[in-house]
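Have a look at the structure below before the remarks.
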Amino acid sequence: MTTAPSSTPGTTPSTDLIAHARTDAAAGLDALLSAVGRLTADDLAGPSTLEGWTRGHVLAHVAALGTAMLGQVRAVERGEVVPVYASPEARAAGIEAGAGRTTAEHLAALGALRDDLGGAWPEPGSPLWDAPSGYRGGPLSGCVLAWWREVRIHSVDALAGTAQAVGYETWDDALCAHLRDFLAVRLPDGVSVDDVAGDPRDVTAWLAGRTPANPLPGDLPGELPELGPWPSAVPAR
């Protein structure tokens, strides 16, 4: 697997990590599009791994977030800083509206996003990556990292229970390292990621609030610690 340097929240990620995130997010979206094309109406209406959301909700969320990230790129190009979403209510309403799309409609939304967003990201090394954005009060580089996380994590969420299901093996070493850095703030004070025993990929899935492929033994007294909220200013799934 490919390994790229990771980044701690609040720091500027390396050019290599930005390039890898952009490339692997595009590959993840291509794979998701291929899988979605094989989903039935019943698949889309069925429950995802996320409580209260169908698979259609997850796909609508991916499309909405990608559109929001495209908006961040365009704003940075104009020298502006705009919110990722108009409001939490607008975010929720958009997901709900898109949840009932047909397979063809999901493919159209995600396919258009692939073309538009894929061509919009700055090239690696561009000063635009350091320009302020509306995502978490950080630079534009945080947007491509967020998009990378969301595409790969939600592909597992959306396809679980279908013939197209994928697992955490689709998260490469670079993504797992990045997720462990990004999500370490969910651990209680005095606990580090290294304190949690188990396969690193299973630990990463657990930190992301997902069920690991293999149960974690946990080398903390008795059981695994309770995780804090996802590190985001917007309610996250």
Side-chain angles (χ1 to χ4, degrees), residues 1-18 20-21 24-25 28 47-53 58 61-62 65 69 84-85 88 91 133-160 165-237:
M1 291 187 180
T2 302
T3 301
S6 62
S7 171
T8 300
T11 66
T12 301
S14 70
T15 298
D16 286 346
L17 184 64
I18 293 171
H20 182 78
D24 193 56
S48 72
T49 61
L50 302 179
E51 185 177 356
W53 271 12
V58 180
H61 169 51
V62 173
L65 181 74
M69 294 297 100
V84 174
Y85 295 102
R91 171 187 178 272
S133 77
Y135 177 69
R136 294 170 55 83
L140 183 64
S141 57
C143 294
V144 75
L145 296 179
W147 177 236
W148 182 30
R149 294 190 296 267
E150 297 285 309
V151 169
R152 285 300 188 180
I153 291 173
H154 287 316
S155 290
V156 178
D157 295 332
L159 299 175
V166 297
Y168 304 118
E169 73 280 355
T170 56
W171 301 1
D172 68 11
D173 290 347
L175 177 60
C176 288
H178 167 65
L179 285 172
R180 287 192 291 273
D181 282 348
F182 178 73
L183 297 171
V185 296
R186 302 190 72 190
L187 292 167
D189 291 343
V191 179
S192 75
V193 175
D194 292 336
D195 293 326
V196 183
D199 181 274
R201 188 162 273 95
D202 290 326
V203 173
T204 303
W206 169 75
L207 272 176
R210 274 63 184 175
T211 302
N214 304 292
L216 296 177
D219 62 4
L220 298 166
E223 59 184 52
L224 293 169
E226 182 176 352
L227 294 174
W230 189 274
S232 177
V234 176
R237 291 277 182 167

task = Given side-chain hydrogen bond (donor to acceptor under 3.5 Å, both in side chains), test D157 with H154 step by step and report yes or no.
result = CA-CA 5 Å; D157 295 332; H154 287 316; 2.8 Å; yes

query = Would M69 and E150 satisfy side-chain contact (heavy atoms from CB on, under 4.5 Å), going step by step from the backbone distance to the final call?
reply = CA-CA 11 Å; M69 294 297 100; E150 297 285 309; over 6 Å; no

inquiry  = T204: which residues meet the side chain to side chain donor-acceptor pair (under 3.5 Å) condition with it, sequence neighbours left out?
reply    =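 R180.
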
query = Does T170 have any side chain to side chain donor-acceptor pair (under 3.5 Å) partners at least two apart in sequence or in another chain, and if so, which?
reply =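 Partners of T170 by the side chain to side chain donor-acceptor pair (under 3.5 Å) criterion come out as none, since no residue qualifies.
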
query = Do any N or O atoms from the side chain of S48 and from the backbone of W53 form a donor-acceptor pair under 3.5 angstrom?
reply =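 Answer holds: yes.
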
message = Keeping R186 on the side-chain end and L207 on the backbone end, is there a donor-acceptor pair under 3.5 Å?
response =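 Yes, the answer is positive, given that a donor and an acceptor are paired below the 3.5 Å cut-off.
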
task = Compare all side-chain heavy atoms of P212 with those of V203 and state whether any distance is below 4.5 angstrom.
result =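 No, side chains not in contact.
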
ask   = Taking the inter-plane angle between the rings of W148 and H20 on a 0 to 90° scale, is it parallel (under 30°), tilted (30 to 60°) or perpendicular (over 60°)?
value =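 Perpendicular, since the angle between the ring planes exceeds 60°.
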
request  = Check the pair L183 / W230 against side-chain contact (heavy atoms from CB on, under 4.5 Å), numbers first and verdict last.
outcome  = CA-CA 7 Å; L183 297 171; W230 189 274; 3.8 Å; yes

query = Can you name the residues that form a salt bridge (charged side-chain N to carboxylate O under 4.0 Å, His left out) with D24, not counting sequence neighbours?
reply =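 Expected list: R152.
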
request  = Could you give me the CA-CA distance, side-chain angles and deciding distance for F182 and L145, then say whether side-chain contact (heavy atoms from CB on, under 4.5 Å) is met?
outcome  = CA-CA 10 Å; F182 178 73; L145 296 179; over 6 Å; no

ask   = Got a sec, which residues hit side chain to side chain contact (heavy atoms under 4.5 Å, CB included) with D199, two or more places apart in sequence or on another chain?
value =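 In terms of side chain to side chain contact (heavy atoms under 4.5 Å, CB included), with neighbours along the sequence ignored, D199 is linked to R201, D202.
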
